[in-house]
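Only one structure is covered here, and it is reproduced in the block below.
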Number of protein chains: 2
Amino acid sequence: MPPRPRTTARKRPSQKRSQETVVAIVDATARVLKRDGYDHMSTNKVALAAGVSIGSLYQYFPSKEALVAALMERHFDEIRALFEEEAQRLAGVPLEVAVRAIIKRTIEAHQIDPILHQALEQVPRIGLLQKFDDVQERGRTLVHQYLLVSHESLRPKDLEIAADLIASLIEMVSHGAVLRHPNRLKDGVLVDETVDLILRYLKK
Amino acid sequence: MPPRPRTTARKRPSQKRSQETVVAIVDATARVLKRDGYDHMSTNKVALAAGVSIGSLYQYFPSKEALVAALMERHFDEIRALFEEEAQRLAGVPLEVAVRAIIKRTIEAHQIDPILHQALEQVPRIGLLQKFDDVQERGRTLVHQYLLVSHESLRPKDLEIAADLIASLIEMVSHGAVLRHPNRLKDGVLVDETVDLILRYLKK
DNA sequence: AGAAAATGTGAGCGATAGCTCGCATACTAG
DNA sequence: CTAGTATGCGAGCTATCGCTCACATTTTCT
């Protein structure tokens, strides 16, 4: 490890060929990260797995950190898209429907690539690698906003705390279900139970 | 990195002097881990920080992994002690009191050394480094056992799922409170809300 | 006291890390 | 076709890694 890892961007690909290279590198980053974990992943291994020379890799990614940051970006953009799309539909919808929808989306988000999600979770939260917490933060504010709209019909006074509780809970449940108990998603029991839990808490 | 990291134990210290050395090494492991994170932590840095030669370090710890495993052991033993002690007192106690007590203990556990806790969270879950999940697993079964005893007065049918929900929730709340919103612990609002949430869910 | 056991030391080995740079090849524009 | 630009290559640099081993020092035992 020479002096300091760089995190600034490099050249960006303008031709189709190089854009494919970049995609191949990010794909390979995902494979190697899932296989070896962050600290046993190396830029050389990623280049090899991508079928690309180490020099090419460094044309587009200035550091190991940048590789994983790009991968995170892609993964979380996919997840974020799910939510922002749903957020549209939620305005004015009754509480139970909204809660159920958010839970469903969160589970879907975790099902996109559970192994990758788990691997990303264990990446050190330094420098560019903080998107993980960003996404959860975004989830919290989304829930908070929804609650604010219908605050008259809700029991809890501090809706910021309530939103935190609910968002955290949904995240945890989805995470645990997809990674540890996928069978609990066959029937809807777990989801029903979670909806129940949240509604009992929110309703007057 | 030579062939394979070893994880078996080495010599154990019999004299007082060497026991102090071992403690100094584990202390230093905590400091370096908190400062640099797992992947930038190195055995040489730890030896330096402990004021001990690298040779001495390897007399007692066969690998970097073993260092962190020992640190985890110590940290989680402290946490586990908190809970096992409390578990005694909980038999026969009314639900609200029990829930409140568990939450209080969990928060205390997170307050022991929040930064260390956070650093340990981001350590790769491989080989010996799985105690983190072990502790949470233990928490889940503890809650499950408590619920089983008073199952007649509880609403949820599947108490395993209920225990999972509750244990996960308490973990998340405590974690978030200590690390992101320490001020929410001044007054008891957050704790009250969480107790409320759980009781509404459990009660018939 | 002195011998044996326990403990401590740190130079340095081989492996691997992240990363650069000079050069070859492929594409684009005139 | 040709000149210029974009892309791709990989040997190899330096720093650091995890770790060993021959040796020095301290403690324990008789």
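Bear in mind the structure is a predicted one, so any value in this text is a computation, not a measurement. Below, chain A is the first sequence line, B the second, and so on; all start at residue 1.
- Rounded to whole Å, the distance from CG on A:L67 to C1' on C:dA17 is 14 Å.
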CA sep, side-chain torsions, deciding dist, call: A:R80, A:D77, salt bridge (Lys or Arg N to Asp or Glu O under 4.0 Å): CA-CA 5 Å; A:R80 224 187 312 263; A:D77 275 356; 3.6 Å; yes
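- Counted by atom type alone, B:Y58 and B:T43 present one or more donor-acceptor pairs between their side chains at under 3.5 Å.
- Rounded to whole Å, the distance from NZ on A:K64 to C1' on C:dT16 is 12 Å.
- Distance CZ (B:R17) to C1' (D:dT26): 5 Å, rounded to an integer number of Å.
- Atom C1' of nucleotide D:dT5 and atom CD of A:Q59 are separated by 12 Å, given to the nearest angstrom.
- Under a 3.5 Å cut-off, the side chain of B:E96 and the backbone N or O of B:L199 do not form any donor-acceptor pair.
- With sequence neighbours excluded, the residues that form a ring pair (Phe, Tyr, Trp, His ring centres under 6.0 Å) with A:H117 are A:H75, A:H110, A:F132.
- Nucleotide C:dG8 holds its C1' atom 15 Å from the CZ atom of B:F61, rounded to whole Å.
- Of all the residues in residues 41-57 of chain B, B:V52, B:S53, B:I54, B:G55, B:S56 reach under 4.0 Å from DNA chain C with at least one non-hydrogen atom.
- A salt bridge links B:R74 with B:D27: at least one charged nitrogen is closer than 4.0 Å to a carboxylate oxygen.
- Between the NZ atom of B:K16 and the P atom of C:dG8 there is a distance of 14 Å, rounded to whole Å.
- Neither OP1 nor OP2 of D:dG8 sits under 4.0 Å from any side-chain N or O of A:Y58.
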